[in-house]
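In this chain, numbering begins with 1 at the start of the sequence shown. When reading the values below, keep in mind they use all heavy atoms of this one structure, side chains included, and skip hydrogens, waters and symmetry mates.
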Amino acid sequence: MANSGGLSFSTLFEVAGVVLNSTRTKDADKNGKTGLSVDPQKLVMGLAGIAGQQVLKVFAQRQTRKRLKKELEAGLISVEDFKAGRSAAEVKRTQKKKSGLFRPGLIIGAIVGGGLYLLTLSPGQREKLFKQVKQMLTQVIGIVNEIQGKPYSQDFEEKES
């Protein structure tokens, strides 16, 4: 299994957060001194919550390990998969060829989203947007032409020396 348990960095941050949330500033005493005091009820409730999370985590890891052991004994997974904590379903999923629908879906979604955005704009805003896009394209073409050593615009005429 990849995670063998114990206190993780995130758990330590949670404990620190509980301690910070359970402290408060004391009201000034006769001498005008202030300080910090701990609200024991908040502290106990917060630490009990973290302890409960840890107990549930250990219980879930034991159940997962038992399930993986049964799959290993049944021959559904290899010893490497067992050590890595991969179940038979995960191994089967990684062996399947991916359908590759993500990229076309992303492109179609971007086109549809852009079209809907343009439809929501007022005519004045739409015209302004198209002018900005045209200016940007002209600048990009000019930069590319400069890199290639070509003139900036199409109506450029070289001066005769």
With the side chain counted from C-beta on, respond yes when [X] and [Y] share a heavy-atom pair under 4.5 Å apart, and no when they do not.
X      : Y      : result
Lys66  : Gln63  : yes
Arg65  : Lys69  : no
Arg24  : Lys42  : no
Gln148 : Asn145 : yes
Val19  : Leu43  : yes
Leu129 : Leu118 : yes
Leu121 : Phe130 : no

Exercise. Asp81 side chain to Ile77 main-chain N or O, any donor-acceptor pair under 3.5 Å?
Worked result: no

All heavy atoms of Val15 vs all of Leu47, minimum pair found to be CG1-CD2, 4.2 Å

What one should report as the nearest heavy-atom pair of Glu90 and Arg86 is OE1-CA, 3.1 Å

For the CZ atom on Arg62, are there more than 12 heavy atoms of other groups (residues, nucleotides or ligands in this structure) within a distance under 6.0 Å? no

* **More than 12 heavy atoms of other groups within 6.0 Å of Gln41 CD** => no

**Asked** For Ser87 and Glu71, does a side-chain donor sit closer than 3.5 Å to a side-chain acceptor?
**Response** no

One should read off an interatomic distance between Gln53 CD and Lys57 NZ, to the nearest 0.5 angstrom, of 9.0 Å

